[in-house]
Amino acid sequence: MINLVKALSGSVWSTLAVVVAISAVAIAVVVNGFDLRISGGLALYFVIWWILLFAVLPFGVRSQAEAGEVVRGSEPGAPALPALREKAIWTTLVASVVLVIVAAVFPLAGL
């Protein structure tokens with residue numbers, strides 16, 4: 001799975017295509033399976049995705065000082081290789097699962 005995500009995040013366009021495709025499938029599942037409107041599914045997914053992005057960002061990050069490659073004029077604690085495209089795909093995968101779980105719990109909560 002890790003190698004697949006690395007391969008899919010090879011370019012900006014492939015990353016964007018994967019994020020849009022997975023997001024569309026997750027929102028379609030929620031809209032058709034749990035009687036949410038498209039606007040409600042999009043809004044809920046947007047909030048979940050951004051919250052999870054900030055949770056995923058620190059994973060696997062090595063600072064420039066740890067890597068031994070401090071760029072002159074930058075903060076030594078800055079990431080050496082942030083891998084943002086991979087993290088966008090991971091965030092999308094996790095957010096899709098969380099969206100379905102949250103939509104499934106809504107009826108139990110009376111919402």
Side-chain angles (χ1 to χ4, degrees):
M1 184 75 164
I2 294 172
N3 291 332
L4 178 63
V5 170
K6 285 186 182 201
L8 292 172
S9 66
S11 72
V12 173
W13 296 111
S14 63
T15 303
L16 187 61
V18 169
V19 168
V20 168
I22 294 172
S23 302
V25 168
I27 293 170
V29 166
V30 168
V31 167
N32 293 325
F34 299 105
D35 290 335
L36 243 70
R37 290 189 208 160
I38 293 175
S39 59
L42 280 169
L44 186 59
Y45 185 78
F46 179 79
V47 170
I48 291 170
W49 196 93
W50 276 104
I51 290 171
L52 288 176
L53 175 66
F54 290 113
V56 169
L57 279 176
F59 290 117
V61 174
R62 292 185 60 209
S63 69
Q64 292 179 12
E66 291 172 338
E69 303 168 356
V70 179
V71 176
R72 185 178 168 114
S74 70
E75 172 64 34
L81 294 170
L84 294 177
R85 291 188 297 236
E86 291 177 26
K87 291 179 183 182
I89 294 174
W90 283 114
T91 301
T92 302
L93 291 169
V94 174
S96 297
V97 171
V98 171
L99 176 69
V100 171
I101 291 170
V102 167
V105 171
F106 273 176
L108 298 175
L111 299 173

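Only heavy atoms go into these numbers, but all of them, side chains included; no hydrogens, no water, no symmetry mates.
- Under a hydrophobic clustering in which Ile, Leu, Val, Met, Phe, Trp and Tyr are joined whenever their side-chain heavy atoms come within less than 4.5 Å, directly or via other members, Phe34 and Ile38 fall into the same cluster.
- Within a 6.0 Å radius of CG in Leu16, other residues, nucleotides and ligands contribute more than 12 heavy atoms.
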**Q.** Test log, rule side-chain contact (heavy atoms from CB on, under 4.5 Å), inputs Tyr45 and Val102
**A.** CA-CA 10 Å; Tyr45 185 78; Val102 167; over 6 Å; no
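- Contact detail for Ser96 and Ile22: the closest heavy-atom pair is OG-CG2, 3.3 Å.
- Taking Gln64 as the reference, Ser74 meet the side chain to side chain donor-acceptor pair (under 3.5 Å) condition, with sequence neighbours excluded.
- Of all non-hydrogen atoms in Arg85 and Val12, the two that sit nearest each other are NH1-CG2, 3.7 Å.
- At most 12 non-hydrogen atoms from other residues, nucleotides or ligands lie less than 6.0 angstrom from CD1 of Ile2.
- Partner of Leu99 under the side-chain contact (heavy atoms from CB on, under 4.5 Å) criterion, out of Val29, Ile48, Leu36: Ile48 alone.
- Between Val19 and Ala88, the shortest heavy-atom distance links the atoms CG2-O, 4.0 Å.
- Heavy-atom minimum distance, Gly77 versus Ser63: O-CB, 3.7 Å.
- A chain of hydrophobic side-chain contacts below 4.5 Å, direct or via other Ile, Leu, Val, Met, Phe, Trp or Tyr residues, connects Leu52 to Phe54.
- The same ILVMFWY cluster, assembled from side-chain heavy atoms under 4.5 Å apart, contains both Trp49 and Phe46.
- Linking Ile, Leu, Val, Met, Phe, Trp and Tyr whenever their side-chain heavy atoms come within less than 4.5 Å puts Val30 and Trp50 in one cluster.
- Ser9 meets the side chain to side chain donor-acceptor pair (under 3.5 Å) test with no other residue; sequence neighbours excluded.
- Linking ILVMFWY side-chain heavy atoms closer than 4.5 Å, directly or via other members, places Leu53 and Leu42 in a single hydrophobic cluster.
- Judged as a side chain to side chain donor-acceptor pair (under 3.5 Å), and not counting sequence neighbours, Trp90 has no contacts.
- Nearest heavy-atom pair, Pro79 versus Val61, reported as atom, atom and distance to 0.1 Å: CB-CG1, 3.5 Å.
- Between the CG atom of Leu84 and the OG1 atom of Thr15 there is a distance of 10.0 Å, given to the nearest 0.5 Å.
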field: Leu81/Arg62 under side-chain contact (heavy atoms from CB on, under 4.5 Å): CA gap, chis, key distance, verdict
entry: CA-CA 7 Å; Leu81 294 170; Arg62 292 185 60 209; over 6 Å; no
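- Residue-environment remark: CG (Asn3) stays at or below the threshold of 12 foreign heavy atoms within 6.0 Å.
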Start with the C-alpha gap between Leu44 and Phe106, add the side-chain angles, then the distance that decides, and say whether side-chain contact (heavy atoms from CB on, under 4.5 Å) holds.
-> CA-CA 12 Å; Leu44 186 59; Phe106 273 176; 3.8 Å; yes
